[in-house]
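See below for the structure under consideration.
Values in this document were obtained by computation on a predicted structure and should not be read as measured data.
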Amino acid sequence: MVAFKERLKASLKSFLNPDIIHKLHQQQIPPIPSFYVRPIVEREIKFAFDNKLLAQKNVLITGAGQNIGKNIALEMAKQGANIYFTDLISERITSLEEELSTYAVKYKGYISDVSKMEDSEALCQDLFAQNITIDVLVNNVGINFGTMGIDNLNLQEWQKIFNTNVFGPLYLTRLIWQRMIEEKIQGSLIFITSIHQQEISRWPSYSASKAALAMTIQEIAVDLAPHGIRVNAIAPAAVKVDEQGNPFYIKNYLLHNSAIPPHYIGRAAVYLASDYFSKYTTGTTLTIDGGVSLYNSRVAENPPT
């Protein structure tokens, strides 16, 4: 009877003072695991301190010697990221290193062919030997040509394009994500695909490789989500500028009637790489195409005014 009265008394007290219940619930919340602290706490404090979205992050970009890759490197360097990159031409590497030297970041270029597994292994071995753990990988390299139409089927061409656009990047990405898991890094894996992953290009080998890559990205995103690793893509349309950096006029690109300046792809990559913006974004393809994928015969018949 005494025990019943005590329980009743405690129940009435809790009812009259619900803060007691809230405090009990708060005490039951488990502490944040230690591996969450570095990316969430330290980096958000760092962002608030100096407004650098990618401060102290190590970024690896493939094919960064020109155009999209180069602009991704520069835009990320502006945000405080250390830039490690590859290209096949030494002059391009030297040129980009000179541009990166104007930023207060670490940088290094490598001659490396993503379609060759041994090159990717050597690249990662060198990075890891220097105790450089990659936080952000940007798979930018891709071959954007092919035989027009399906009648002229060339299996060697298909093999080369898939090695460069799909198999090679996937192998390098696995080397990087394995390291991320080992070091408990909640990193970001970004692929540069194309609107031709779903739009006809008339280069079957090219568009098929991009379509395969698009679904692979979603599959990887599911597998790596438990580790806090994000996997996303950017699908641009034509990225073409003249020697002065002005985008080429293209009538069917509904927004601005022009190709895409490459620095807009760079800024999109910053968005996907940043914990501040994209911490909860994975398995997503960000399309940047000036509206060309919206263009069809009905739009041609009834153009916007």
CD1 (Ile132) and SG (Cys124) are apart, to the nearest 0.5 Å, by 11.0 Å
Main-chain N/O of Gly109 paired to Glu97 side chain as donor or acceptor, under 3.5 Å:
yes
Under a plain distance cut-off of 3.5 Å, with no hydrogens placed, do Ser115 and Asn163 share a side-chain donor-acceptor pair?
no
Atom CD of Glu219 with >12 non-hydrogen neighbours under 6.0 angstrom
no
Contact between Asn232 and Thr281 at the side-chain level, heavy atoms closer than 4.5 Å - yes or no?
yes
Which pairs count as ring pair (Phe, Tyr, Trp, His ring centres under 6.0 Å) when at least one residue sits in residues 249-274, sequence neighbours excluded?
Tyr271-Phe277
With rounding to the nearest 0.5 angstrom, report the CH2 to CD1 distance, Trp203 to Ile161.
9.5 Å
Glu157/Lys160 salt bridge by N-O under 4.0 Å criterion:
no
Met117 CE to Arg174 CZ distance, which is reported to the nearest 0.5 Å:
9.0 Å
Applying side chain to side chain contact (heavy atoms under 4.5 Å, CB included) to Ile181 and Leu224, what does each step give before you reach the verdict?
CA-CA 9 Å; Ile181 292 173; Leu224 296 183; 4.2 Å; yes
Out of curiosity, does Tyr276 fall in the hydrophobic cluster containing Leu286 (side-chain heavy atoms, cut-off under 4.5 Å, transitive links)?
yes
For Lys210 and Ile192, indicate whether the former's side chain and the latter's backbone hold a donor-acceptor pair under 3.5 Å.
yes
Within the distance-only criterion (no hydrogens, no angle test), does the side chain of Ser95 pair as donor or acceptor with the backbone N or O of Arg92 below 3.5 angstrom?
no
Path from Leu155 to Phe167 over hydrophobic side-chain contacts below 4.5 Å:
yes
Nearest 0.5 angstrom please: Thr173 OG1 to Ile190 CD1, how far?
11.0 Å
I'd like to know if the side chain of Asn82 reaches the main chain of Lys106, judged simply by a donor and an acceptor atom lying under 3.5 Å from each other, with no hydrogens or angles considered.
yes
Any side-chain heavy-atom pair from Leu213 and Phe191 closer than 4.5 angstrom?
yes
Do the side chain of Glu75 and the main chain of Arg267 share a donor and acceptor less than 3.5 angstrom apart?
no
Less than 3.5 Å apart, which donor and acceptor atoms pair up between the side chains of residues 83-91 and the rest of the protein, not counting sequence neighbours?
unit_1 : atom_1 : unit_2 : atom_2 : d
Thr86  : OG1    : Gly63  : N      : 3.1
Asp87  : OD1    : Gly65  : N      : 2.9
Asp87  : OD2    : Ile89  : N      : 3.1

Roughly how far, to the nearest 0.5 Å, is the CD1 atom of Ile195 from the OG1 atom of Thr287?
8.0 Å
List in chain and number order the residues that pass side-chain hydrogen bond (donor to acceptor under 3.5 Å, both in side chains) with Ser293, two or more places apart in sequence or in another chain; answer none if no residue qualifies.
Asp289
Quick one, Val138 and Ser188 - any side-chain contact, counting heavy atoms below 4.5 Å?
no
Minimum side-chain heavy-atom gap Val141-Asp113 below 4.5 Å:
no
Considering only NZ, NE, NH1 and NH2 on the basic side and carboxylate oxygens on the acidic side, decide whether Arg179 and Asp135 come within less than 4.0 Å.
no
Would Lys70 and Glu99 pass as an ion pair if we require N to O under 4.0 Å?
yes
Hey, are the side chains of Gln197 and Thr285 touching, using non-hydrogen atoms and a 4.5 Å cut-off?
yes
Sub-3.5 Å donor-acceptor pair from the side chain of Asn71 to the main-chain atoms of Gly266, do we have one?
no
Give a yes or no answer on whether the side chain of Ser201 reaches the backbone of His196 with a donor-acceptor pair at less than 3.5 Å.
no
Heavy-atom side-chain proximity of Ile234 to Thr193 below 4.5 angstrom:
no
Donor-acceptor under 3.5 Å (Arg230 side chain, Leu189 main chain):
no
Can you find a pair of side-chain heavy atoms, one from Ile265 and one from Val239, that are under 4.5 Å apart?
yes
Short question: side chain of Lys184, backbone of His227 - any donor-acceptor pair under 3.5 Å?
no
Side chains of Asp275 and Leu54: does their closest heavy-atom pair fall under 4.5 Å?
no
Got a second to check how far Ile134's CD1 is from Leu172's CG, nearest 0.5 Å?
9.5 Å
